[in-house]
Each structure stands twice: as structure tokens, then as C-alpha cells.
Amino acid sequence: MTFEYTENMPHDEDDASDASSDVTELEEYDFPDHFFERDGRLFHSHGSLPYPLPVDGPEQARLNNLHRILRDTVEFHYLGPVTEVLSDARPRQKRVLDLCTGTGRWPMDMARLFPRVKIYGLDIVPIATRRPLRHVQFEIHDITERFRWGNGAMDFIHARNIDLAVTDYPELLREVARLLRPGGLFFSGEIGRSIDFAHGSSFNLARQAPHARSFFQVVNRSLELRHLVPIADRIPGFIQQSHQFTVPTIQTFHIPVGDWHHNLVMKRVGRMYLAALKDFAESLKPMLREAGMTQQEINSLVTGFIEDIERVPGLVGVYHTAWAKKL
């Protein structure tokens, strides 16, 4: 088997080694222990963690779709000086860490671009491929806990779409800063938990897409019960306030919802994102039931949301990105 999990054993603060002694191989019969079924969907079995979405086949398909959407939106697999940071100038093998790796598409794509770099992908469930490339390693780990590696072990840490797994982002940044070598790179990418109109539009969301607006209001209130507050546009501030990184470079991208965009690539992205949003709404239903909504209320909320995003042109999701180097 290729999936591994970490035991979070203590190690020397100054040890930047691979800490491979902390890793135990996951056997085939161990896999079911990481999942449980509720409302006909499969969820992670780590009861204390706030992550609210299923981890089953339909949700994995949504994650794969989202990977393609973000790659095509930013027009590549990464932003920032990644090639410079992962150059072969230093004597040891370069290391990349992908947080909340999900199905592992990003590490696998990056491994093809950087065949000499060791790439780790962490998640709380083993849903990544069991046949990774030789220099890719997937591990089970709760990113709210201390990582197994020593200080300065990583050259690049990639954190994309992790906001549903983290209740204390500044604390995570402290651990990220510990893991990165001086000059190492941190990247954050989060899609805002809302919907908006594209720049230059004169439309008003409350009038033109009230059901879509209400959907995200209800979802965000339910997520706040799990201490998962919207942070996508606050992460650059967290980076600066940590005093561990250079001033972050910030970029935002609009992801079209539907096929209204004039650009052919973005038209295709918009169709994919429309499908991803529908799947997202479906995946949230168990959480909304848990928050106290009736099935009728949930169906009405989701139906209205889907009607709006299918009907109203010019809607976008906002992808917030920031990267900075470790001081």
C-alpha cells in the first residue's frame, strides 16, 4: 500500500530530517476505520474535526472538477516563484507539502513538472490515488495538529481550499513558518464563501439572485456553529500579522458561474463551476440537517440556489490567493 499515516511522535526541534520513523504503513483492512456513513453519504470518522462535507465518490468527483477549474482559472498549477524555490541549487532534495490534499491531483500534477522534488500530500482520509508517482507520498494527518517534520524541513507549502478544515488559521501559520526553511514559499488559495457579480456589472445580488445570496448566508451561519468563519480575504492579513513572512503578493480571480463568459476557456470553466456548485449544495445537505433545518427547508433553499445560478448571467465566485516567503 502507498498510503501512510503519522503518529505525531515527538522529535528534536532542530531536526529537519524526513522523520520517517514516525510513519506507519496503512494496511488494506485499516481503510474502513477512517469513514462512517450518514444520510447515505460517506464521511470522515475523526469526530472532533469540523470538516463538514462527505468524502465519498460524488464529493471526490467535485474535488477533481474543482482542481481543473482552479488550474484553468489561474492558467497554471501554481502562482509565485515556485521554480526558483524548487531549483536544484541546494544540496538536499527539495520538499513540497500539500495541505488537505483530497484526491491528490495537485501533488501528482506537480510531480510531473518537478520530477526531482519530493512531494507530500496530507489529508484526514485516504482518498488519494494508491498508485502515486515514486516521489509522491500521501499521508493521513490532521493539519490542526503538529506536523511530524522538524524545523525548516520544507521548501514550499501549498494550502488550497483548506478553510473548511481549519478553525485557527494564525495557529496553522505558526506551524507552517516552523516547517519552512528561510526563503521557503507559502501559498494560500481559497474560494470565498459567497457569490457575486463580475466587475463592471450593474446588477444587484439581493434583487437579481436573492436565493443564491440567501443560500450562502444560511450555509455560513451553519458553518459558524463549527467555528468555521469565512477567512478567504483575511489570510493576507494573517500572514502579515505573523511577522514570519515577507509582505504577501495578493491576486484575486473571478470564476464564472455558467457559460455566459465570452472567452471560450472561461466559458468551459463556468460550466464546470456551475456543476461544482450544484454538487457542493448537495454535499451540504447533511450538515444543514444537523444544524436543525427540516428536509423541506433544505430542499427549498437548494432548489432556489440552483435556479438562480442556472438562470442569472454574470455571477462569479471569487478565488483569493496570496503567497509569501519565510523570513
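The basis for the numbers below is simple: all heavy atoms, side chains too, and nothing from hydrogens, waters or symmetry mates.
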Heavy-atom neighbours of [X] [atom1] exceed 12 at 6.0 Å:
X: Q295; atom1: CD; result: yes
X: R160; atom1: CZ; result: yes
X: R213; atom1: CZ; result: no
X: R116; atom1: CZ; result: no

*Start with the C-alpha gap between R268 and R68, add the side-chain angles, then the distance that decides, and say whether side chain to side chain contact (heavy atoms under 4.5 Å, CB included) holds.*
CA-CA 11 Å; R268 185 183 73 248; R68 291 188 289 269; over 6 Å; no
Residue pairs meeting side-chain hydrogen bond (donor to acceptor under 3.5 Å, both in side chains), one or both in residues 222-231, sequence neighbours left out, come to R226-E290
Residue pair [X] / [Y]: nearest heavy atoms and the distance that separates them:
X: R38; Y: P286; value: NH2-CB, 3.8 Å
X: E59; Y: S283; value: OE1-OG, 2.8 Å
X: P126; Y: H34; value: CD-CB, 3.8 Å
X: D123; Y: C100; value: OD2-C, 3.4 Å

- [ ] Apply the side-chain contact (heavy atoms from CB on, under 4.5 Å) test between L284 and each candidate in V219, V218, V302; give the one that qualifies.
- [x]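 In the set V219, V218, V302, the residue that makes a side-chain contact (heavy atoms from CB on, under 4.5 Å) with L284 is V219.
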Please determine whether salt bridge (Lys or Arg N to Asp or Glu O under 4.0 Å) holds for the pair E139 and R148, giving the CA-CA distance in whole Å, both sets of side-chain angles, and the decisive distance to 0.1 Å. CA-CA 11 Å; E139 300 183 10; R148 68 181 178 87; 2.6 Å; yes
task = Could you walk me through whether T321 and I250 pass side chain to side chain contact (heavy atoms under 4.5 Å, CB included), step by step?
result = CA-CA 6 Å; T321 74; I250 302 167; over 6 Å; no
Output for pair (I119 CD1, M110 CE), nearest 0.5 Å, gives 6.0 Å
### Flag for Y120-T101: side-chain donor and acceptor within less than 3.5 Å
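Looking only at side-chain atoms, Y120 and T101 do not form any donor-acceptor pair under 3.5 Å.
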* Asked: Between F280 and F216, how do the two ring planes meet: parallel, tilted or perpendicular, split at 30° and 60°?
  ->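 Answer is parallel, since the angle falls under 30°.
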**Prompt:** According to the interplanar angle, ranging from 0 to 90°, do the rings of H158 and F187 count as parallel (below 30°), tilted (30 to 60°) or perpendicular (above 60°)?
**Reply:**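 Correct class here is parallel.
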#### Entry: pair V96-F114: side-chain heavy atoms closer than 4.5 Å
no
In terms of side-chain geometry, is the basic nitrogen of D39 or K285 positioned less than 4.0 Å from the acidic oxygen of its partner? no
Note to self: Hydrophobic cluster membership, with links at side-chain heavy-atom distances under 4.5 Å among I/L/V/M/F/W/Y: are L79 and F76 in one?
What the structure shows: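 Same hydrophobic cluster.
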(message) Quick check on the 6.0 Å ring-centre criterion: do F43 and Y51 meet it?
(response)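 Between Y51 and F43, which both carry aromatic rings, the centre distance is not below 6.0 Å.
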Sequence neighbours left out, cut at 3.5 Å: what donor-acceptor pairs do the side chains of residues 233-243 make with other protein atoms?
{"from": "S242", "atom 1": "OG", "to": "I239", "atom 2": "O", "distance (Å)": "2.7"}
{"from": "S242", "atom 1": "OG", "to": "Q244", "atom 2": "N", "distance (Å)": "3.3"}
{"from": "H243", "atom 1": "NE2", "to": "Q241", "atom 2": "O", "distance (Å)": "3.4"}

